[in-house]
Protein chains: 2
Amino acid sequence: MGKLDFSPIADTTRRAEIVALLRRAILTGQLEPGQKLNELRIAEQMRVSRAPLREAMRELVQEGILTSIPYAGTFVIDVTAKDIDDAYSLNKVLDEFAIELTWKLRDQRFFAELDRRHEAVKQATRDLDTTRQIETALQLHGLIYEWSDNSVLLETWQRLTSRLQMYFALHQHARNEPVPAEDVHETYVRLLKGKDMRAAQRHAREHIDLDFEELLAYARSLEQRASKGARADRAGHARGRPEGG
Amino acid sequence: MGKLDFSPIADTTRRAEIVALLRRAILTGQLEPGQKLNELRIAEQMRVSRAPLREAMRELVQEGILTSIPYAGTFVIDVTAKDIDDAYSLNKVLDEFAIELTWKLRDQRFFAELDRRHEAVKQATRDLDTTRQIETALQLHGLIYEWSDNSVLLETWQRLTSRLQMYFALHQHARNEPVPAEDVHETYVRLLKGKDMRAAQRHAREHIDLDFEELLAYARSLEQRASKGARADRAGHARGRPEGG
DNA sequence: GACAAGCAGATTGTCGACAATCTAACAAGA
DNA sequence: TCTTGTTAGATTGTCGACAATCTGCTTGTC
């Protein structure tokens with residue numbers, strides 16, 4: 001008998017596909033923070049009924065990237081500087097923990113996967129594909145969580161990641177510059193391969209701090225803009241149209 | 001003009017009420033781990049249609065206390081010893097962080113609230129109300145998170161709490177003994193009022209460890225029973241988890 | 001002109017029915 | 001006996017329509 005490991009077949013429910021579509025639209029910034037999601041219009045565009053769409057939206061609400069107000073609508077979450085700050089400071093703590101757990105589980109496969117993901121980031125950087133660069137960088141970062149053998153920790157980080165990715169995407173959208181050319185993950189990878197766990201943990205903190213200040217500054221500027229036209233945002237004013245699929 | 005703070009009016013959607021009902025049923029152990037939720041039957045019992053019920057279920061799936069398999073059904077999550085272990089070890093880390101953040105924000109109101117919640121636990125203990133005892137103990141524990149002024153951390157902990165509460169409820173259901181009569185939170189409260197942050201953090205770890213072993217042992221016995229029964233695991237969600245890399 | 005009441009329009013929440021899929025039982029064939 | 005194909009029943013996934021609610025505009029009154 002052949003010893004082939006079959007991977008589970010794809011979820012064939014419309015709901016799952018809608019979730020994926022919406023999540024991508026949000027995390028890449030096609031749907032802007034604060035924007036209202038009109039169920040009828042989205043359902044029409046996707047050629048589905050509102051039932052699976054609404055179920056998908058509930059999932060994303062619980063995932064933390066949408067927020068829902070009964071009888072008013074469902075909106076992409078607003079990005080506040082405080083949120084970013086909170087998320088990052090928590091991320092630091094989780095990183096330290098993940099490194100600690102992963103440390104003694106590192107093996108040849110871990111290092112290989114680490115290199116593979118690092119390479120993916122560098123490739124995306126060369127391609128000047130900012131969206132993919134964010135994606136791959138977070139995947140590189142996520143390896144220590146996947147390897148930590150703590151499913152609750154992994155799940156927690158993945159939730160956090162959704163927002164972080166959204167924040168990053170916003171940031172990248174804002175500044176038109178393409179991308180940082182230098183490889184900011186070189187040290188991170190090297191330390192994860194090394195023998196000094198403390199050093200790796202320390203670097204994880206500092207590395208995160210890298211363009212944190214820039215991101216925060218951008219978030220604050222967003223807030224100022226928001227506080228001016230707050231009323232219009234809340235009502236779902238037709239400022240930006242959702243880019244259909 | 002009177003300076004009255006109005007609390008937000010209750011969510012008037014059926015969905016929200018269904019979520020609350022289901023969550024309570026799960027966290028109190030009325031719905032057992034691994035049990036399937038039949039949509040038609042539950043909808044009939046609650047006198048609602050399946051639409052809001054299904055949306056509610058999606059929320060609880062994302063909340064981590066239900067799990068869904070397309071075209072097969074939605075089930076209460078299975079409790080594995082590993083899950084409990086993972087949740088607790090993460091909880092320790094979060095506790096340390098929460099104490100650190102809260103420490104310099106403590107004030108008179110904090111201490112008052114601390115005492116109030118502590119009193120609630122003692123009251124539930126006197127009343128021999130195990131369910132409420134778990135509830136109040138977790139609320140006491142949650143104060144440092146609410147006070148930490150980090151919404152992401154709070155949210156993370158609340159997700160974790162759902163499961164912890166479920167685990168505790170299971171445990172309490174299992175052993176028919178009423179409750180521990182001694183006040184296990186006395187030291188915790190005292191240290192949170194004191195001046196030695198490190199001591200408080202240290203105690204948080206040890207306090208958690210208190211009946212952890214007992215809970216783990218119970219979870220392991222559950223697993224053995226499950227592996228024998230092998231009745232509802234046709235979808236494979238009770239088996240080992242081959243995820244990871 | 002200011003302001004409350006009330007009327008449309010649009011949008012969300014909910015319902016009942018239908019379609020797609022799974023499970024289990026049973027028959028046919030090797 | 002074991003396997004395979006078929007069928008019936010039950011359950012989940014999806015749809016279109018209706019009810020409840022919100023928003024903005026109009027109207028009438030002062």
Peer 1: Do B/E135 and B/R24 sit within salt-bridge range, that is, some charged N less than 4.0 Å from a carboxylate O?
Peer 2: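 Yes, charged N to carboxylate O under 4.0 Å.
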Peer 1: Hey, which sits more toward the 5' end of DNA chain D by its nearest nucleotide, B/K36 or B/A51?
Peer 2: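 Nearest nucleotide further toward 5': that of B/K36.
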Peer 1: Counting side-chain heavy atoms from C-beta on, which of D/dC15, D/dG13, C/dG13 comes nearest to A/R14?
Peer 2: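 Selected nucleotide: D/dC15.
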Peer 1: Identify whether the distance between the nearest side-chain nitrogen and carboxylate oxygen of B/E113 and B/R117 falls below 4.0 Å.
Peer 2: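 Answer for the salt bridge query: yes.
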Peer 1: Quick one: is B/S49 getting a side-chain N or O under 4.0 Å of the C/dC15 phosphate, OP1 or OP2?
Peer 2: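 B/S49 to C/dC15 OP1/OP2: side-chain N or O found under 4.0 Å.
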Peer 1: Nearest whole Å is fine: how far is C/dA17 P from B/E44 CD?
Peer 2: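 My rounded result for the distance is 13 Å.
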Peer 1: Heavy atoms only: give me the nearest A/K36-A/G73 pair and the separation to one decimal.
Peer 2: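 Of all heavy-atom pairs spanning A/K36 and A/G73, the closest is CE-CA, 4.1 Å.
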Peer 1: By the 4.0 Å heavy-atom rule, please label A/R54 as base, sugar-phosphate, or nothing.
Peer 2: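 Base, at least one base heavy atom under 4.0 Å.
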Peer 1: Measure from the side-chain heavy atoms of B/V48 and tell me the nearest of D/dT12, C/dC15, C/dT12.
Peer 2: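 In terms of side-chain proximity for B/V48, the closest of D/dT12, C/dC15, C/dT12 is C/dC15.
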Peer 1: Any base atoms under 4.0 Å from A/R15, or only sugar-phosphate, or nothing? Heavy atoms, all strands.
Peer 2: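 Answer is sugar-phosphate: A/R15 comes under 4.0 Å of backbone atoms only.
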Peer 1: C/dT11 C1' sits how many Å from A/I69 CD1, rounded?
Peer 2: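 To the nearest whole Å, that distance equals 14 Å.
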Peer 1: Could you check how far CD of A/E39 sits from P of C/dT14, rounded to whole Å?
Peer 2: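 Roughly 11 Å, once rounded to whole Å.
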Peer 1: Distance check needed: C/dA10 P versus A/R41 CZ, whole Å only.
Peer 2: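 Roughly 13 Å, once rounded to whole Å.
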Peer 1: Starting at the 5' end of DNA chain C, which residue's closest nucleotide do you reach first, B/R50 or A/L37?
Peer 2: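 Closer to the 5' end of DNA chain C: A/L37.
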Peer 1: Nearest whole Å is fine: how far is C/dG9 P from A/L40 CG?
Peer 2: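 Rounding to the nearest Å, CG of A/L40 and P of C/dG9 are 16 Å apart.
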Peer 1: May I ask you to decide if the ring planes of B/W157 and B/H141 are parallel, tilted or perpendicular, using 30° and 60° as cut-offs?
Peer 2: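 The arrangement is tilted - the two ring planes meet at 30° to 60°.
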Peer 1: Where the side chain of A/Y71 is defined as all heavy atoms beyond and including C-beta, which of D/dT21, C/dA20, C/dT14 is the nearest nucleotide?
Peer 2: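 Out of D/dT21, C/dA20, C/dT14, the nucleotide with an atom closest to A/Y71's side chain is D/dT21.
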